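Down below is the structure, laid out as structure tokens.
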Amino acid sequence: MLKTFSLGGVHPAENKFSAGQKIEILPVPEQVSVPIAQHIGAPSEPVVNKGDEVKVGQLIAKSTGFVSANIHSPVSGKVFKIDEVLDASGYKRKAIIIKTEGDEWDESIDRSEDLVTEITATPEEIVKKVGEAGIVGLGGATFPAHVKLSVPPGKKCEVLILNGVECEPYLTADHQLMMEKGDEMMVGTQILMKALKVDKAIIGIENNKPDAIKHMKDLASKYEGISIQPLKVQYPQGGEKQLIDACIQRQIPSGKLPIEVGAVVQNVGTTVAVYEAIQKNKPLFERVVTVTGKSVSKPSNFMTRVGTPLNQLIEAAGGLPEDTGKVIGGGPMMGKALSSTEVPITKGSSGVLIMPDKIAKRPKMEACIRCSKCVTVCPMGLSPYLLSTVSDKAIWDRAEEEKIMDCIECGSCSYTCPAGRPLLDYIRLGKGNVGRIMRSRTK
Amino acid sequence: MNVVLITIISLGVLGALAAIILYFVAQKFKVFEDPRIDQVEEALPAANCGGCGFPGCRAFAEAMVKADDISDLNCPVGGADTMSATAAILGKEVAAADPMVAVVRCNGTCENRPRITEYDGATSCTIASSLYGGDTGCSNGCLGLGECVDACDFNAMYMDEKTGLPVIIEDNCVSCGACVTACPKDIIELRKKGPKSRRIFVSCINTDKGGAAKKACSAACIGCKKCQKICPFDAIEVENNLAYIDYNKCKLCRKCVAECPTNAIHMVNFPPPKPKVEKPVEEKAE
């Protein structure tokens, strides 16, 4: 019996069309728009001006606090302007627009393919360097990685858990990365272990990727302390709390962070970025993006520079199919429909999903029949039907009592609702308001 | 017979005892309440809309009785009549507040502002605005899902199906501000009703640069500052590519209305311009 998390969950059709597609390097775009808010936390502050020459990997926006991240130029060329650009948030926000000229990398970046296994940096240096390189959680949550690596005083990290689950249907970016950059990932894991001062790391992989499990197991046998944990396919296993539950059977108390149970979770993609930052001095300015969908002629995994417009990826994957109904940034469960295909790729873009018109539309909303399916599938043990109603009726104290802030927004409730109710939409609304009320109370 | 008598007497004594106890308890725990609160509450419209900033008419009445200076307090629903009536009860002075009315500062009708995407989520402006800027190119404008109409307790609003925008029924609007709070885009504003209900306002809140605003909506304010230049009373200010008319300075001369290249400045309740008397064309003599 394979391990999985203990509460709720769903198993949507996997549809991993792009599985096994080699990571293709997307040509450098003619122009990039790099948003200054690509991570959770304070937006960065641009340090370049219009007309400045920049090189690949040069710092262009500085982090403005502990929970914030540096941003580096993904191309070489001239800063065309700093302007408001429509991004994946659906709003126009500040971005640095750079016109590409050639592809000149910063001299300090080691561009060779050689694997550097010897780790010379001290734990403090690693955390500092990860922060400088602007590394954020590449699974999609974009939480600055150095914050997670800084274990608060009084707490002790016992185990590092790496997320190779990729529980979102359709997406294959992490899967492919494990197949192609396994060695780098192993060294990256060792670096993270050193930074966290732990001697144990578990890489959780769902067993719909048997090739990745085998490949990683072979590699892990060469390194000390790293083990592979095959997991039963169940959404949302990639959620931090679910993954910890599945791997080490510890449950995080409501409102607390993983460090409470002695665990730190990082995505496998982040691990490769950490390897590149520490061993190759390469900051985070590119990532693997899956472009996929039922009607897409060439589902692919692309190594893409941050700031590349979405339509360039769609073109490279065979163009926008005629029957397109929705273009989603991210996976089908947690991703968000985009209002334009010109929005730039950011550090958090794990995939671009093109849904045919037939299946893209939401079902008509009907009355709740109290079937309690949403309660059964909720991985956090909440009552989504109730939370959505109290949010709609603005009964915020009740929403707080019912632990609305525990919701991880996985969307299992909306997915399973036979009445087609947009439960998560209302819960998000409630979370926003309750969060605001709670913050104003502590002030 | 005896039994009946005993029953009456014993019950009577019990009743009298209870009455005495209750009388003393009531004296002991008596809470003094200013009788004027009841009087003031009586004079208020009993709409309990919260437009005054207090939770209901009773709370407002209490605040009025308590306050020494009531010039800051105003019941927008009752207006000047109610306020002078309550002031008379309390023997206090009341400042004459200008009657206000809600205005919708968006003219992005289906015709002016073409839809470029389709919204497929929950019918709630707040949810839609948390997801993206809206189904048109303008990310400031009305989303058309009618949260303001739901918030109105006075039947003073409806959604115009043709334009996709909310319409305010002026006669019913009591300027309680419920729609202003409900709108996540801050489109609705309470403005001075104006003499004979005539007023002028900029019906747009788009802060994009001129070209982008115009591309998204043909009725958008493009921030050209023409109105600011022509205004003889310095009532118009253009900030962030958007003009705003200060209703306290505006003298309703309507020069800006004619000047605006996109017709973003609206005038309400002015009589239609007199038709020009055309000179009869003299027929040529044959």
Side-chain angles (χ1 to χ4, degrees), chain A residues 81 83-93 324-330 334-343 355 357-366 368 388-389 391-394 396 409 411 413-414 417 419-433 435-436, chain B residues 50 55 108 113-148 150-153 178-179 181-187 205-217 220 223 240-242:
Chain A
K81 58 180 173 181
D83 199 7
E84 311 246 296
V85 169
L86 185 77
D87 68 10
S89 71
Y91 283 92
K92 282 182 182 164
R93 296 198 296 190
T324 301
K326 253 182 203 172
V327 177
I328 296 171
M334 287 196 73
K336 192 177 139 183
L338 301 168
S339 52
S340 161
T341 53
E342 274 156 37
V343 301
M355 288 285 228
D357 201 27
K358 262 190 292 184
I359 52 171
K361 283 268 164 57
R362 289 200 186 192
K364 202 174 153 275
M365 174 170 145
E366 281 163 55
C368 173
S388 72
T389 312
S391 297
D392 186 26
K393 304 273 179 256
W396 307 128
E409 305 185 18
C413 49
S414 302
C417 181
R421 296 182 71 80
L423 298 167
L424 179 57
D425 290 334
Y426 283 105
I427 296 175
R428 275 206 194 109
L429 173 74
K431 268 184 88 175
N433 279 298
R436 207 170 304 128
Chain B
R113 194 170 54 140
R115 267 59 182 157
I116 51 173
T117 54
E118 207 177 306
Y119 178 66
D120 182 27
T123 316
S124 153
C125 299
T126 316
I127 290 176
S129 74
S130 73
L131 293 171
Y132 74 142
D135 51 3
T136 67
C138 169
S139 56
N140 298 93
C142 178
L143 295 164
L145 297 170
E147 212 152 286
C148 48
D150 294 341
C152 183
D153 283 337
C179 51
T181 325
C183 179
K185 296 273 189 189
D186 290 331
I187 288 164
I205 55 157
N206 189 322
T207 50
D208 288 346
K209 280 179 191 149
K214 184 82 205 252
K215 199 179 154 199
C217 176
N240 274 339
N241 310 309
L242 177 65

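Just so we're on the same page: letters track the sequence lines, and every chain starts at 1. All of these numbers come straight from a predicted model, not from anything done at the bench.
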Legend entry - Rounded distance (nearest 0.5 Å) linking atom CG of A/L86 with atom OG of B/S139: 8.0 Å
Inset, instruction - Answer whether the closest heavy-atom distance between the side chains of B/K209 and A/D83 falls below 4.5 Å. - result: yes
Legend entry - Residue, of B/T126, B/L131, B/T117, that accumulates the most heavy atom pairs under 4.5 Å with chain A: B/L131
Legend entry - Heavy-atom check, side chain of B/T123 versus side chain of A/M365, under 4.5 Å: no
Legend entry - Largest heavy-atom contact set with chain B, pairs under 4.5 Å, which of A/K92, A/E84, A/R428: A/K92
Inset, instruction - Could you tell me which portion of B/D135 (side chain, backbone, both or neither) has an atom closer than 4.5 angstrom to a non-hydrogen atom of chain A? - result: neither
Inset, instruction - Measure distances from A/A337 to the heavy atoms of chain B and classify the residue's part below 4.5 Å as side chain, backbone, both or neither. - result: neither
Inset, instruction - Decide yes or no for B/D120 and A/K361: does some side-chain heavy atom of the first lie under 4.5 Å from some side-chain heavy atom of the second? - result: yes
Legend entry - Check: B/Y132 side chain, A/S89 main-chain N or O, donor-acceptor pair, under 3.5 Å: no
Inset, instruction - State, with a plain yes or no, whether a side-chain heavy atom of B/S129 is found less than 4.5 Å away from one of A/Y91. - result: yes
Legend entry - Flag if over 12 foreign heavy atoms under 6.0 Å of NZ, A/K336: yes
